[in-house]
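The chains referred to below are lettered A, B, ... by the order of the sequence lines, with proteins before strands, and numbering in each begins at 1.
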Amino acid sequence: MPDPTPPAERPLNFIEQIIEADNAAKKWGTRPDGTPRVHTRFPPEPNGYLHIGHAKSICLNYGLAARYGGRFNLRFDDTNPAKEEQEYVDAIKADVRWLTSAFGEGHSFDAGPHAGGLYWASDYFQQMYDYAVALIKAGKAYVCELNAEEVAKRRGSPSVPATSPFRDRPAEESLRLFDEMRAGKHPDGSMTLRARIDLASPNFNLRDPVLYRILHEEHHNTGRKWCIYPMYDWAHGIEDSLENVTHSICTLEFENHRPLYDWFMREISAALGGARGEGEGTGPSSPGGRAVWHSQQIEFAKFRPTYTVLSKRNLLKMVQDKLVSGWDDPRMPTISGLRRRGYTPRALRAVCEEVGTTKVESFIDLGRIENAVRDHLNKIAPRAMGVLRPLKVVIENWPKGTVEELDFVINPEDPGAGTRKVPFSGTLYIEREDFMEVPAKKYFRLALGDNPPEVRLRWAYFIRATGVVKDADGNVTEVRATYDPATRGGDAPDGRKVKGTIHWVSAEHARQVEVRLFDRMFSAEQPGERTGNWIDDLNPNSLETVRAMVEPIVATAKAGDVYQFERLGYFTADRDSAPGAPVFNRTVTLKDTWAKAAAKE
RNA sequence: AGGGGAUUGGUGUAACGGUAGCACGACUGACUCUGACUCAGUUAGUCUAGGUUCGAAUCCUAGAUCCCCUGCCA
């Protein structure tokens with residue numbers, strides 16, 4: 001299903017403006033069919049689960065490829081074997097597959113529209129090594145035998161340059177040592193390969209950054225083949241280059257790295273005998289004569305929702321400390337958590353599109369994300385009746401033993417969805433909050449009071465309360481009521497109106513199911529902002545489990561099925577569901593202006 | 001301190017020297033067999049101070065505030 005708002009109907013964001021200017025100039029060349037090349041990528045490190053911030057990046061990158069008839073790569077930036085795991089690789093693949101249509105079924109990652117393919121940084125290790133050797137030969141890199149502590153000590157300050165006694169080591173010596181590093185002749189941390197750039201730069205990224213460190217670790221892809229691993233800055237631009245990525249989109253904190261990104265591309269090209277070239281541009285076939293493809297890095301501001309923590313470290317802690325049931329706990333801001341909760345890819349794409357793409361660091365109201373899923377589910381979710389906190393209603397004048405089948409509109413937003421039959425009898429469950437012994441002002445539901453109002457049971461009959469039964473503590477355990485047989489179906493032949501319509505379930509036919517109700521995970525807009533510790537703002541009531549009464553058809557739901565329980569919200573069957581015994585996650589409530597007004601009192 | 005970014009209603013964004021607009025929220029009201037949805041209306045903004053200009057959110061000068069940078073993480 002196509003997304004609702006075609007991107008063409010809104011102004012271009014700053015990245016689209018760059019791309020359109022590039023396309024007009026044919027900066028990146030054209031495809032065989034004449035389309036200007038646009039090639040983006042999503043480059044996660046497989047060291048954690050993807051969250052909604054990553055979803056923004058995926059939607060941005062994939063959306064750009066789709067909009068401009070380009071290609072989109074999924075690339076694992078697996079350059080640090082100490083932190084990366086297969087579990088994360090699998091989860092990330094599933095998430096990207098779910099969120100985009102870039103990839104085909106099964107194991108195919110290059111079959112969908114605009115799919116560029118699946119790539120691994122680790123597949124480029126040899127090429128990266130060769131480039132490093134070229135840089136050493138060109139006098140642009142050297143082996144440094146300072147350990148991490150010494151490097152930190154010699155880092156200098158903005159006004160004091162860094163130092164390294166190994167900086168002017170002859171290239172032959174660096175070459176030999178680099179080869180020994182690769183051959184495993186030196187222990188972890190004993191030496192590094194560093195670029196020779198500028199030890200006095202106010203941009204610390206340029207103070208002879210490390211290209212390679214020694215890490216005797218098993219890599220999930222390359223096993224024991226390598227014991228030196230490239231650092232992010234060295235690796236990333238090469239990855240983009242080898243994949244002929246045009247626009248390498250990343251987040252704001254990498255702005256300071258861009259000079260380094262460009263330096264690497266220029267110097268690799270020069271070391272290989274090509275033109276150095278200034279700034280980003282195209283590759284070997286271009287008039288400039290660069291020896292390597294030079295992508296353009298562009299930075300944008302992260303997607304940060306309120307009432308949420310997003311850092312991998314904190315999410316990992318929530319999992320490890322069992323604050324949640326796992327990475328895909330429906331309260332988690334992970335893509336897998338949102339999916340399990342019942343969010344749809346389209347809703348996520350819609351909200352990413354709505355908030356736009358800029359360089360301004362801002363917070364997105366969590367409510368916006370909730371609205372996006374309401375919008376989508378409203379159109380597609382079949383309606384059903386379920387009662388979260390049941391209160392029994394006995395209709396005194398109902399003919400004993402009679403059961404009727406009433407017509408229920410499946411989705412008023414979708415007339416084609418039709419109707420189905422719902423059983424009705426003289427004993428029902430209604431929502432506890434849909435009855436008041438003494439009605440509040442403007443309360444339109446079932447009530448006693450001086451003048452008990454008539455209310456409609458959705459698609460059924462008008463009823464009026466006549467009394468209550470209470471337990472020893474004075475709690476209402478049952479409401480007595482009478483119905484008007486002439487109002488069958490929910491309309492009065494004499495045209496009289498009611499103020500309230502409430503949902504119900506026939507007690508005799510009701511099925512009990514588990515329903516998990518979620519509230520926001522944190523009670524502060526910015527967890528930890530006030531106290532300094534995000535854990536302090538954890539909402540202790542973020543999960544409530546109830547036994548709900550639902551109409552029979554709901555009990556047949558399978559994992560992933562979604563219903564709107566009328567007047568309550570959208571509920572998606574969890575993977576914990578068993579045949580005939582579904583477990584529902586409340587994806588999101590419906591808007592409730594009465595609850596809002598009542599809360600103000 | 002040095003470097004790199006950012007600043008427009010409550011929130012998110014547009015306007016690229018020429019009427020400060022859109023979306024979300026909030027508030028009113030209409031509609032309604034979901035207090036939902038939908039529809040209509042209202043609300044409210046250019047960080048500050050100077051300057052250039054017929055005209056400044058936009059250009060200039062000075063300042064303020066916030067974010068990022070001294071990992072062999074990405």
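How far CG of A:L366 is from CZ of A:R520: 5.0 Å, rounded to the nearest 0.5 Å. Note: A:Y429 OH to A:S506 OG = 9.5 Å, rounded to the nearest 0.5 Å.
Spacing between atom CZ of A:R304 and atom C1' of B:rU11 amounts to 13 Å, rounded to whole angstrom units. Spacing between atom NZ of A:K596 and atom C1' of B:rU28 amounts to 13 Å, rounded to whole angstrom units. The CZ-P distance, from A:F300 to B:rU13, rounds to 12 Å in whole Å. If you take CZ of A:R41 and C1' of B:rA74, they are 12 Å apart, rounded to a whole angstrom. Between the P atom of B:rG71 and the CG atom of A:N147 lies a distance of 13 Å, rounded to the nearest Å. Taking atom CG of residue A:L260 and atom C1' of nucleotide B:rG71, one finds them 14 Å apart after rounding to whole Å. In this structure, A:E16 atom CD and B:rC16 atom P are separated by 17 Å, rounded to whole Å.
Across the strands present, B:rU8 finds no partner; the criterion is a Watson-Crick or G-U wobble pair with both atom distances under 3.5 angstrom. The partner of B:rC39, taking Watson-Crick or G-U wobble pairs whose two distances both stay under 3.5 Å, is B:rG29. Across the strands present, B:rG50 finds its partner in B:rC60; the criterion is a Watson-Crick or G-U wobble pair with both atom distances under 3.5 angstrom. Taking a pair to require two hydrogen-bonding distances under 3.5 Å in either a Watson-Crick or a G-U wobble arrangement, B:rC72 remains unpaired. Summarising the base pairing, B:rA20 is matched to no nucleotide, lacking a Watson-Crick or G-U wobble pair whose two defining distances lie under 3.5 Å. Shown here, B:rG45 forms no base pair; nothing in the strands shown gives a Watson-Crick or G-U wobble contact with both key distances under 3.5 Å.
When the C1' atom is compared between B:rA14 and B:rA23, the two are found 11 Å apart, to the nearest whole Å. Atom C1' of B:rU48 sits at a distance of 16 Å from the matching atom of B:rA56, rounded to the whole Å. For B:rA30 and B:rC66, the P atoms lie 47 Å apart once the distance is rounded to whole Å. Taking atom C1' on both B:rC27 and B:rA44, the two are 12 Å apart, rounded to the nearest angstrom. With both ends at atom P, the span from B:rA1 to B:rC60 equals 25 Å, rounded to whole Å. Remark: the separation of the P atoms in B:rA74 and B:rU70 is 14 Å, to the nearest Å. One C1' atom belongs to B:rG21, the other to B:rC67, and the distance between them is 28 Å to the nearest Å. Going from the P atom of B:rA49 to that of B:rA57 covers 13 Å, rounded to whole Å.
Comparing A:K499 and A:M191 by the nucleotide of RNA chain B whose heavy atom lies nearest to each, the residue mapping closer to the 5' end is A:K499. Where A:T487 and A:E45 meet RNA chain B, the nucleotide closest to each residue was compared, and A:T487 sits on the side nearer the 5' end.
Of the residues in residues 361-373 of chain A, those with a non-hydrogen atom less than 4.0 angstrom from any atom of RNA chain B are A:E361, A:S362, A:F363, A:I364, A:D365, A:R368, A:N371.
The pair A:E433-A:R389 does not count as a salt bridge, with every side-chain nitrogen at least 4.0 angstrom from each carboxylate oxygen. Taking a cutoff of 4.0 Å between a charged side-chain nitrogen and a carboxylate oxygen, A:E255 and A:K359 qualify as a salt bridge. The pair A:D414-A:K379 does not meet the salt-bridge criterion, since no charged nitrogen lies less than 4.0 angstrom from a carboxylate oxygen.
The phosphate of B:rG35 has OP1 or OP2 within less than 4.0 Å of a side-chain N or O from A:R567. Proximity of A:Q17 to the phosphate of B:rA15: a side-chain N or O atom is located under 4.0 Å from OP1 or OP2. The phosphate of B:rC73 (OP1 or OP2) has no side-chain N or O of A:K312 nearer than 4.0 angstrom. Within the structure, a side-chain polar atom (N or O) of A:T358 is placed less than 4.0 Å from OP1 or OP2 of B:rU13. Within the structure, every side-chain polar atom (N or O) of A:R10 is placed at least 4.0 Å from both OP1 and OP2 of B:rA15. Residue A:T79 places at least one side-chain N or O closer than 4.0 Å to OP1 or OP2 of B:rA74. The side chain of A:R213 contributes an N or O atom lying less than 4.0 Å from OP1 or OP2 of B:rA74.
Between B:rG71, B:rG3, B:rA74, one nucleotide has an atom nearer to the side chain of A:Y232 than all others, and that is B:rA74. When each of B:rU7, B:rG35, B:rC72 is scored by its nearest atom to the side-chain atoms of A:V360, the top-ranked nucleotide is B:rU7.
The aromatic ring of A:F204 does not stack onto the base of B:rG3, failing the criterion of a centre distance under 5.5 Å from the six-membered base ring together with planes under 30° apart.
At distances below 3.5 Å, at least one donor-acceptor pair connects side-chain atoms of A:D78 with backbone N or O atoms of A:A121. Checking side-chain atoms of A:R213 against main-chain N and O of A:P230 turns up a donor-acceptor pair under 3.5 Å. A side-chain donor-acceptor contact under 3.5 Å links A:D208 to the backbone of A:I197.
Judged by atom type and distance alone, A:R258 does not reach the base of B:rG4 through any side-chain donor-acceptor pair under 3.5 Å.
When side chains are defined from C-beta on, A:I249 counts as touching A:R41, because their heavy atoms get closer than 4.5 Å.
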Test side-chain hydrogen bond (donor to acceptor under 3.5 Å, both in side chains) applied to A:S122 and A:N221, step by step: CA-CA 7 Å; A:S122 50; A:N221 241 10; 3.0 Å; yes
Per-nucleotide protein contact string for nucleotides 36-46 of chain B, where B marks a base within reach and S marks sugar-phosphate only (heavy atoms under 4.0 Å, - for neither): SS---------
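In this structure B:rG71 sits in the syn conformation; its chi angle is within 90° of 0.
Of the residues listed (A:F571, A:W504, A:Y570), the one engaging A:F565 in a ring-ring contact (aromatic ring centres under 6.0 Å, His included) is A:F571, and it is the only one.
For A:Y229 and A:F125, the distance between ring centers is under 6.0 angstrom.
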